[in-house]
Amino acid sequence: GLAERLQGTIQRIKGKGKVTEQDVKEMTREVRLALLEADVNFKVVKDFVKRIKERAVGQEVMESLTPGQQVIKVVKDELTELMGGEQSKIAVADRPPTVIMMVGLQGAGKTTTTGKLANLLRKKYNRNPLLVAADVYRPAAINQLETLGKQLNMPVFSLGTEANPVDIANQAIEQAKAEHQDYVIIDTAGRLHVDNDLMDELEQIKSNVNPDEIFLVVDAMTGQDAVNVAESFNEQLDVTGVVLTKLDGDTRGGAALSIKAVTDKPIKFAGMGEKLDELEAFHPERMASRILG
Amino acid sequence: VARYRKVDEDFFEDLEEILISADVGVTAVMDLIDDLKMEVKRRNIKDSGEMKEVISEKLVDIYYGDKDEEPEKLQLHEDGLSVILFVGVNGVGKTTTIGKMAHQLKQEGKKVILAAGDTFRAGAIEQLEVWGERAGVDVIKHNAGSDPAAVVFDGIQAARSRGADVLLCDTAGRLQNKVNLMNELAKVKKVISREVPNGPQEVLLVLDATTGQNAMSQAKTFSEATDVSGIVLTKLDGTAKGGIVLAIRNELQIPVKYVGLGEKVTDLQAFDAHAFVYGLFA
Ligand SMILES: Nc1nc2c(ncn2[C@@H]2O[C@H](COP(=O)(O)OP(=O)(O)OP(=O)(O)O)[C@@H](O)[C@H]2O)c(=O)[nH]1
Ligand SMILES: Nc1nc2c(ncn2[C@@H]2O[C@H](COP(=O)(O)OP(=O)(O)OP(=O)(O)O)[C@@H](O)[C@H]2O)c(=O)[nH]1
Ligand SMILES: [Mg+2]
Ligand SMILES: [Mg+2]
C-alpha cells in the first residue's frame with residue numbers, strides 16, 4: 001500500500017534531515033501510483049494529486065519531523081473528505097408506498113441487493129416491502145427473485161416475462177397500495193449505460209412511478225470504466241444513492257472514489273456477501289484506508 | 001493517437017492516459033512507455049504516424065511474450081469425452097457463456113451436455129436450463145443445495161452413456177479470497193481429472209471486462225486452485241476494454257480464448273489479439 005511505497009523516500013529524507021520539493025514530488029508520485037493500482041480513475045487521480053500537492057509542499061509536511069507520516073495523513077484526510085460522511089438512510093415517502101428502483105450493469109448484484117434491502121427494511125425499520133420482478137429478459141430472473149422472496153417470506157410481484165417493465169412497475173405500486181405494503185423495491189434488468197433503448201426504458205419506469213430512491217448498484221472490483229458507468233446512469237436518471245457490492249472480496253475498491261468524485265451522490269450501502277443479511281452501511285473512512293492499502 | 005503529431009512528452013502522456021483508462025495497469029504502461037521512448041531514440045521517430053505501428057506491435061508482444069502469435073483454440077479431444085470447467089467470481093457471465101458455447105459447439109456438429117454445478121445461488125439451475133433449451137442440449141442437475149462435485153460426477157456418467165463429445169460444467173460464482181469455496185472448486189476439478197482421461201480438457205476462467213486490477217489476483221488464485229487453461233473475457237460490448245488480460249497473459253501465460261460481446265446466444269467470438277489491441281484505442 002501507500003506506506004510501503006513511501007518507505008524509500010522516507011529513508012532518504014531521514015538521511016538528509018530536511019525535506020526538499022523534489023522529495024515531495026517523489027512522494028506525490030507514489031500516491032498517484034498507489035491510487036491507480038487501486039483502480040481509482042486516471043482523471044480522478046490527476047485532480048486528487050493536484051489537491052494534495054499544495055498541502056504536501058506546505059509547512060505541515062516540509063517542517064515535520066516525520067514528513068512521510070504527514071503525507072499519508074494529508075492523503076487520508078483528503079480522501080476521507082472526498083468520500084463524504086456516512087449516509088445510509090433510506091428515503092421515506094410522505095404517503096406510502098416508498099418506491100426504490102435498482103439499476104446498474106449486468107451482474108453487479110441488483111437482484112441480490114433487492115433481497116438484502118427488503119430484509120433490512122423489515123428487520124431494522126419494521127417495514128412491509130413488496131419485491132417487484134421487472135427483469136423480463138434474463139433467463140430465470142423472475143425465478144431468482146421469487147426464490148429470494150420465499151427465503152425471506154416476503155411477497156414478490158410479477159407479471160411474467162411477456163409483460164412490459166413499465167406496466168409491471170405501475171401495477172406493482174397499485175398492489176402495494178391495496179395490500180398496504182409500505183415499500184416497493186423494483187429490480188430491473190442489468191443493462192449497458194450505452195444501450196439507448198434500455199436506458200430509455202429506465203427513464204420511462206422512473207417517470208411513471210416517481211421513485212423516492214434510485215440506487216445505482218456497482219461491483220466494487222470495477223476498474224477505470226466506473227466513471228463512465230456512474231456518469232451515464234447519473235446523467236440519465238439522477239440517482240439518489242449507490243450500493244457497492246462484493247466488498248467481501250480483496251479488491252482495493254478505487255471505483256468508490258471515482259464514483260463519488262464524478263457523481264457526488266452518496267454511497268449508502270456495502271454488499272458484504274451473498275447472504276441476504278450481508279448488507280452494511282457504507283463506511284467512507286474505512287474505504288479510504290482500504291483504497292490506500 | 002492522431003496522425004502527424006510530434007512524439008513529445010504530451011504524446012506519451014496522452015498514450016499513458018489511454019492505456020491506463022483501458023485497465024492495462026500502471027506498471028505495465030510505465031514499462032511500455034520506457035520501452036517506446038528507447039525505440040523512438042533508436043529509430044529516430046519524428047511523428048506519431050509511425051508510432052501507431054510500433055505501439056500496436058509492442059502491445060501484441062506484451063501479450064504473446066516470446067511465444068509465437070498463435071490464437072489459442074479450445075483443446076478438445078478428437079474422440080472420447082472432453083470436459084470444460086467454467087470458473088470465476090460472481091456475476092461475470094459463466095452461465096451465459098456456457099449457453100453460448102453449447103450453441104456454438106452444437107453448430108460445429110458436436111454432441112454437448114451441460115452440468116448444473118451451481119447448486120447454491122437462487123435460480124441458478126433454472127437459468128442454465130433455459131440456456132440448455134435455447135442451445136438444444138440436455139442439462140444434468142440435482143436439487144438445489146446438493147454437492148456440486150456429485151452433479152459433475154453425474155454429468156460425466158451421463159455424457160459417457162449418451163455418447164456426448166463435450167460436457168460443459170457450470171459452477172457457482174465465488175470470490176477468490178474465500179478459501180473454503182476455492183477448496184470446493186479444487187474438489188470439483190479433482191472429480192473431473194479422476195473420471196476423465198486428461199480431464200478437464202479446459203478450465204476456463206470467465207473475467208468481466210469491467211474488472212480492474214483485481215482480475216490479476218483472480219487469475220492467480222483461480223489458477224492455483226484449478227490450473228486455468230484459458231480466459232473468456234465477457235461484456236466487451238460495453239465501454240470497458242479489459243486491458244488487464246495483457247499482463248495476465250504476459251505474467252501467467254494464460255491466453256484469452258473467447259470474448260463475450262452481448263447477451264444473445266450468438267454473442268461469443270474467438271479472441272483476436274490484434275483486434276483487441278486495436279480496440280484499446282477505439
Ligand atoms: N460475494 C458477494 N457476492 C455478491 C454480492 N452481491 C451479489 N453477489 C453475487 O453476485 C452475483 C450476481 O448477483 P445478481 O444479484 O444476480 O446480480 P444482478 O445485478 O441482478 O445481475 P443481472 O440481473 O444479470 O444484471 C450472484 O452470484 C450474487 O450472489 C456481495 O456483496 N458479495
Ligand atoms: N452485455 C453483456 N452482458 C453479459 C455478457 N455475458 C454475460 N452477460 C450478462 O451478465 C449477467 C450475469 O451473467 P451470468 O451468466 O448469470 O453470470 P455468472 O458468472 O454465471 O453469475 P453467478 O453464477 O451469479 O456467479 C447476465 O445479465 C448476463 O446476461 C456479455 O458478454 N455482454
Ligand atoms: Mg438481476
Ligand atoms: Mg452462474
Side-chain angles (χ1 to χ4, degrees), chain A residues 32-43 45-46 105-109 111-112 115 137-151 189-195 218-229 232 245-246 248-255 273-274 276, chain B residues 16-27 29-30 89-96 99 120-134 144 172-178 181 208-215 217-218 221 234-235 237-244 262-263:
Chain A
R32 177 176 178 268
L33 293 178
L35 293 177
L36 286 174
E37 279 182 348
D39 288 327
V40 181
N41 179 268
F42 186 91
K43 289 211 183 80
V45 171
K46 211 171 187 175
L105 293 183
Q106 292 90 344
T111 305
T112 307
Y137 308 107
R138 169 173 155 154
I142 296 176
N143 181 299
Q144 182 184 4
L145 192 65
E146 287 181 332
T147 302
L148 298 185
K150 283 203 203 81
Q151 289 174 9
R191 68 205 61 213
L192 298 177
H193 50 299
V194 292
D195 186 326
V218 181
D219 192 325
M221 66 187 85
T222 307
Q224 296 288 311
D225 201 46
V227 154
N228 300 329
V229 177
S232 296
T245 61
K246 308 176 204 171
D248 47 317
D250 61 13
T251 190
R252 297 270 290 278
E274 295 193 73
L276 297 177
Chain B
E16 182 185 52
E17 176 166 355
I18 291 172
L19 293 178
I20 290 182
S21 304
D23 286 313
V24 172
V26 62
T27 311
V29 172
M30 294 197 324
V89 302
N90 306 70
V92 293
K94 298 177 291 300
T95 306
T96 305
F120 169 74
R121 205 208 68 211
I125 297 171
E126 291 77 359
Q127 182 186 9
L128 189 68
E129 287 188 295
V130 174
W131 280 110
E133 284 168 38
R134 285 182 181 181
R174 66 206 68 216
L175 299 182
Q176 68 274 24
N177 55 322
K178 312 246 162 144
L181 296 183
D208 187 328
T210 65
T211 305
Q213 301 304 298
N214 193 255
S217 158
Q218 293 175 24
T221 313
T234 61
K235 308 180 196 173
D237 46 320
T239 51
K241 307 287 183 172
I244 188 68
E263 301 186 76

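Note on naming: letters A, B, ... go to the chains in the order of the sequence lines (proteins, then strands), and numbering restarts at 1 for each one. Keep in mind the model is a prediction, meaning the values are calculated, not measured.
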NZ/B:K178: more than 12 non-hydrogen atoms of other groups inside 6.0 Å: yes
Proximity breakdown for B:E129 and chain A, heavy-atom pairs closer than 4.5 Å: neither
Atom group of A:I142 that falls short of 4.5 Å from chain B, counting heavy atoms: neither
Side chain proximity check, B:L175 to A:M221, heavy atoms < 4.5 angstrom: yes
Residue part contacting chain B, namely of A:K150, when any heavy atom lies under 4.5 Å: neither
Which residues share a side chain to side chain contact (heavy atoms under 4.5 Å, CB included) with A:Q151, sequence neighbours left out: A:T147, A:L148, A:L276
Winner by heavy-atom pair count (cut-off under 4.5 Å) against chain A, out of B:E16, B:Q176, B:M30: B:E16
Side chain / backbone / both / neither for B:T27 at chain A, heavy atoms under 4.5 Å: side chain
B:V92 portion near chain A, given a 4.5 angstrom heavy-atom threshold: neither
From CD (A:Q224) to CD1 (B:I244), nearest 0.5 Å: 11.0 Å
Chain A contact via B:T239 - which portion, at a heavy-atom distance below 4.5 Å: both
A:R138 versus chain B, the contacting section by heavy-atom distance below 4.5 Å: side chain
The single option from B:Q127, B:E126, B:E133 passing side-chain contact (heavy atoms from CB on, under 4.5 Å) against A:P139: B:Q127
Residue-level contacts of residues 35-42 of chain A with chain B, using a heavy-atom cutoff under 4.5 Å: A:L36, A:E37, A:D39, A:F42
side-chain hydrogen bond (donor to acceptor under 3.5 Å, both in side chains) partners for A:E274, two or more places apart: B:N90
Donor-acceptor pair, side chain of B:N177 and main chain of A:D248, under 3.5 angstrom: yes
Nearest heavy atoms of A:N143 and B:G123, plus distance in Å: OD1-CA, 3.6 Å
Nearest-0.5 Å distance, CG of residue A:D219 to OG1 of residue B:T211: 6.5 Å
With sequence neighbours excluded, residues passing side-chain hydrogen bond (donor to acceptor under 3.5 Å, both in side chains) with B:D208: B:T210, B:K235
